[in-house]
Every structure is written in C-alpha cells, then in structure tokens.
Amino acid sequence: MAGRSAPALFRLVRSFENSVGLGFGSKLNPTRFLTSMTRPEDGSPKTVTLIPGDGIGPLLTDAVEQVMEAVRAPVRFERQEVRGDMNRVPEEVIESIRKNKVCVKGVLITPTGGGVSSLNVQIRKQLDLYASLVHCFNMQGVQTRHQNVDIIVIRENTEGEYAGLEHQVVPGVVENLKVITKYCSERIAEFAFEYANSNNRKKVTAVHKANIMKLSDGLFLESCREVAAKYPGIEYNEIIVDNCCMQLVSKPQQFDVMVTPNLYGNLVTNTAAGLAGGTGVIPGENIGDDYAIFEQGATAGNMESVRLVDQKRANPVALLLSSAMMLRHIQLHSFADRIETAVKRVIADGKHRTKDIGGNSTTQEIVDATIASLH
C-alpha cells in the first residue's frame with residue numbers, strides 16, 4: 001500500500017476499533033446492523049454539509065433534518081444547492097465539504113447520454129473518496145426472498161471505467177479507457193481487510209473479470225492477493241463478476257465482505273440491495289482519508305420518480321440510517337443509537353411503511369412515526 005495513505009487509514013481503523021461495540025454491523029453486537037469507519041472527534045457540536053439534490057433527494061434530506069432536530073443531535077446543517085444537470089460541482093460546495101469534512105447527500109441524478117459528466121463522480125474524485133461502503137442486510141419487517149443476508153460491499157470509487165476517459169476516434173467509433181492502478185487497488189484492498197478485521201468479519205471476496213481483462217483486472221487481483229497475505233486470519237477468495245451475480249441471487253448468504261473495482265461494485269451493490277429489500281432501506285457512505293459523504297447505499301430505480309415526488313411517498317429509511325452512520329463517524333454514538341433504534345422499531349412494527357416495502361405510507365408519516373418512537 002502506498003505510503004501516503006497508510007497512516008491515515010490505520011488511524012481511522014484504530015479509532016474504529018476503540019468503538020467497535022458501538023457501531024452498526026459489528027458481529028460482536030447483533031443489535032446493530034451497519035458500521036461506519038469512524039474517526040477521532042471530541043463529540044462537540046458539528047457543522048455538516050447538506051446536499052438535498054434532485055428528485056426525491058429534498059424529501060429525504062428534509063426527513064433527516066426533522067429527525068436530527070427531534071433527537072436534539074448537536075449537528076448544524078450547512079445547506080448547499082446542487083443539481084445533477086450542472087456541468088460541474090460549484091466550488092463553494094466542494095469548499096463546504098472540505099471545511100466540514102462530513103456531508104449528508106440526497107440524490108444527484110446523472111442525465112443519460114449527452115455531454116454532462118456525473119457530479120457524483122466529480123465529487124468523489126475531487127475529494128478522493130476512494131471507498132464506497134454499503135451494507136446489504138435483512139431488516140426485520142421487510143419481506144425478502146432470502147433470509148440471513150449480511151453483505152458488506154466495498155467498492156473502489158476513483159478509477160476503472162468511471163474515470164470517464166472516453167473519446168470519439170472517428171465518427172461511429174468511441175474508445176473508453178479502463179484505468180486500474182496498483183496504488184488504488186492496494187488502497188481499497190487494505191480498506192476492505194482492515195474493515196473485516198475490525199468488525200470480526202471472516203471472509204473477503206474479490207470480484208473481477210481477470211479471465212478476460214487479464215492486465216487490468218489481473219493487477220487488481222494481484223494487489224488483493226498481496227494484501228490478503230498480511231491477514232492470515234481472514235479467509236480470502238475470488239469470484240468472476242458474472243458468476244458473482246448468479247451466486248448473489250441464488251445463495252447470497254455465502255458472501256461476507258466483497259471488494260470490487262468501480263463498475264462491478266455498482267452492479268454488485270444494487271443487486272445485493274435488491275435482495276435485501278431495495279434501495280430505500282440500504283444505507284451507505286463514500287469515504288476517503290479526509291472526508292466522508294453519507295447517502296443511500298444504492299440508487300438504482302426510482303430516484304427521479306415524479307410520482308414519488310408529487311405524492312411525497314419516497315422511503316426515507318436508507319438516508320435516516322445513513323445519517324446514523326454519520327453520527328457514529330463523528331463520535332455522537334448515543335444519538336446514532338436512538339435514531340437507529342427508532343427506525344428499526346417503526347419498520348418492524350409494520351404500521352408505517354412506504355410502498356416499496358409493502359405499505360402505503362408517505363415520507364412524512366414514516367418521519368412522524370420515527371420521531372414518536374424516539375420518545
């Protein structure tokens with residue numbers, strides 16, 4: 001692993017180990033179900049950048065603001081307006097995140113085709129948010145085809161096909177460059193193994209297509225193997241991405257922590273999220289050595305649904321749980337506990353659910369029920 005990123009990562013992990021019993025997802029503590037890689041903070045009041053974004057995003061971030069206020073979390077949101085159809089992320093938005101170091105983000109919709117690049121990708125690259133961490137799990141009260149799903153997907157966020165290096169060679173011929181580097185591959189592998197080690201996870205699976213892309217995915221696998229050798233107590237295996245998708249939908253229980261290059265991670269995350277109840281209940285974060293953005297863990301589907309916006313029936317659960325991850329990240333554990341417990345209680349009770357998880361509630365009804373459950 002390259003020297004300049006290692007100290008920050010290990011400081012991050014040591015901080016997390018000090019609070020391992022307090023995070024979601026620690027298999028030492030089955031009452032919680034998702035962890036953030038926390039950082040040293042003193043627990044004092046914190047300013048957090050808030051990006052409502054497009055589509056259902058403002059509904060979701062409004063839900064977070066209401067619940068944060070109800071729980072009296074010592075957090076002040078600094079709102080920044082961004083739209084997915086902008087040509088670039090406004091500099092004041094990047095500066096806000098750099099200043100505050102933590103952000104809660106709604107949805108930024110990337111137009112299909114055309115010349116507008118993804119603002120989500122721009123933000124990750126500008127802030128070097130090299131790791132996406134998504135926890136796909138069964139939530140009590142949500143009916144799913146498979147039970148006992150408990151998968152952490154850790155995705156490299158800054159290179160691969162998402163580097164956006166494409167151009168037209170001649171009319172009718174477009175070339176896209178897939179960039180894989182040893183530095184980024186080692187860095188994401190270290191992150192995955194450190195996460196597994198800190199959370200009592202037993203296995204890390206590297207997802208690849210090295211049987212076809214022998215140099216690029218081959219380099220990714222080589223890096224994963226070198227890192228795996230440093231962690232003899234964690235089982236390591238590899239799976240080709242197409243077989244991975246088949247195995248996910250047939251027997252997802254076989255997976256524990258998965259580490260992937262950028263594009264495959266997007267596919268794997270959304271597939272696993274579908275198995276565990278859908279994008280509305282799966283939280284996540286994009287994190288680097290210095291900054292972290294908390295948002296829905298998977299965004300495939302109805303993020304830009306006009307119907308959901310008009311009827312105000314978007315599911316706020318994923319972003320509420322992501323906001324609890326954010327609170328743990330800044331060492332406000334007791335507030336995170338209360339929000340997480342309240343959300344779990346509401347969904348398990350079954351009286352208030354949005355349509356995607358078997359009910360007909362509005363966003364506000366979920367929020368009101370969560371706030372009532374806080375008390």
Side-chain angles (χ1 to χ4, degrees), residues 48-68 77-90 92-94 96-97 103-124 129 132 134 136 155 157 162 265-267 269-271 273-274 276-286 293-323 325-326 343 352-368 370:
V48 174
T49 302
L50 182 73
I51 300 176
D54 306 313
I56 65 174
L59 277 174
L60 305 182
T61 54
D62 179 66
V64 169
E65 288 185 284
Q66 290 185 60
V67 172
M68 288 287 180
F77 285 114
E78 185 174 279
R79 182 182 293 264
Q80 297 291 332
E81 299 300 328
V82 192
R83 300 188 317 276
D85 60 358
M86 291 177 170
N87 288 322
R88 63 182 182 84
V89 182
E92 58 268 24
V93 175
I94 297 298
S96 174
I97 300 173
C103 174
V104 172
K105 183 166 78 68
V107 177
L108 290 179
I109 298 167
T110 302
T112 301
V116 179
S117 64
S118 168
L119 296 195
N120 298 299
V121 174
Q122 287 184 33
I123 291 172
R124 293 170 199 157
L129 305 176
S132 166
V134 177
C136 302
R155 164 190 176 191
N157 244 354
Y162 275 64
N266 188 27
L267 305 176
T269 295
N270 283 281
T271 301
T279 58
V281 296
I282 303 300
E285 65 179 304
N286 290 290
I293 294 181
F294 297 84
E295 56 191 306
Q296 287 195 189
T299 56
N302 48 20
M303 299 299 101
E304 54 188 310
S305 170
V306 174
R307 177 183 55 82
L308 285 180
V309 174
D310 290 345
Q311 297 180 2
K312 299 186 180 346
R313 294 183 183 276
N315 190 342
V317 168
L319 199 62
L320 288 173
L321 293 178
S322 296
S323 72
M325 290 175 66
M326 180 271 294
V343 171
H352 299 91
R353 297 179 187 170
T354 48
K355 186 175 181 179
D356 59 310
I357 53 174
N360 199 37
S361 299
T362 64
T363 306
Q364 190 60 48
E365 287 169 343
I366 300 292
V367 172
D368 291 343
T370 301

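Keep in mind the model is a prediction, meaning the values are calculated, not measured.
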| task | List the steps and the verdict of side-chain contact (heavy atoms from CB on, under 4.5 Å) for Thr61 and Phe77. | result | CA-CA 10 Å; Thr61 54; Phe77 285 114; over 6 Å; no

| said: Evaluate Met326 against Met68 for side-chain contact (heavy atoms from CB on, under 4.5 Å), listing each step before the verdict. | reply: CA-CA 11 Å; Met326 180 271 294; Met68 288 287 180; 3.6 Å; yes

| field | From CA spacing to verdict: side-chain contact (heavy atoms from CB on, under 4.5 Å), Val317, Arg353 | value | CA-CA 9 Å; Val317 168; Arg353 297 179 187 170; over 6 Å; no

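A donor-acceptor pair is defined here as one N or O able to donate and one able to accept, closer than 3.5 Å; such a pair exists between the side chain of Thr49 and the backbone of Ser96. Checking side-chain atoms of Thr269 against main-chain N and O of Ala298 turns up no donor-acceptor pair under 3.5 Å. Formation of a donor-acceptor pair under 3.5 Å by the Arg313 side chain with backbone atoms of Thr354 is not found in this model. The backbone N or O of Ser322 sits nowhere less than 3.5 Å from a side-chain atom of Gln296 that would complete a donor-acceptor pair.
Leu59 places none of its side-chain heavy atoms less than 4.5 Å from the side chain of Pro316. Side-chain contact between Val48 and Phe294 is absent, with no heavy-atom pair separated by less than 4.5 Å. With contacts defined as side-chain heavy-atom distances shorter than 4.5 Å, the pair Val367/Asp62 does not qualify. Counting only heavy atoms from C-beta outward, the side chains of Val104 and Ile51 never approach each other to under 4.5 Å. Counting heavy atoms from C-beta outward, Asp54 and Leu108 have side chains that approach closer than 4.5 Å. The shortest side-chain heavy-atom distance between Thr299 and Val107 does not fall under the 4.5 Å cut-off.
When all heavy atoms of Pro90 and Val82 are compared, the closest pair comes out as CD-CG1, 4.2 Å. Listed here is the closest heavy atom pair of Ala276 and Ile282: CB-CD1, 4.1 Å.
Atom CD of Gln364 and atom OG1 of Thr370 lie 10.0 Å apart (nearest 0.5 Å). Annotation: the span from Arg124 atom CZ to Leu119 atom CG amounts to 11.0 Å, rounded to 0.5 Å. Atom CG of Leu308 is separated from atom CD1 of Ile56 by 6.5 Å, given to the nearest 0.5 angstrom. Atom CG of Leu320 and atom CD1 of Ile366 lie 9.0 Å apart (nearest 0.5 Å).
Under the rule for a salt bridge (Lys or Arg N to Asp or Glu O under 4.0 Å), the partners of Arg83 that lie at least two apart in sequence or sit in another chain are Asp85. Considering only residues two or more places apart in sequence or on other chains, Ser132 meets the side chain to side chain contact (heavy atoms under 4.5 Å, CB included) condition with Val134, Arg155, Asn157, Asn286. Scanning for salt bridge (Lys or Arg N to Asp or Glu O under 4.0 Å) contacts around Glu65 gives Arg79, with sequence neighbours left out.
Of the options Glu295, Gln80, Glu285, a side chain to side chain donor-acceptor pair (under 3.5 Å) to Lys105 is made by Glu295 and by none of the others.
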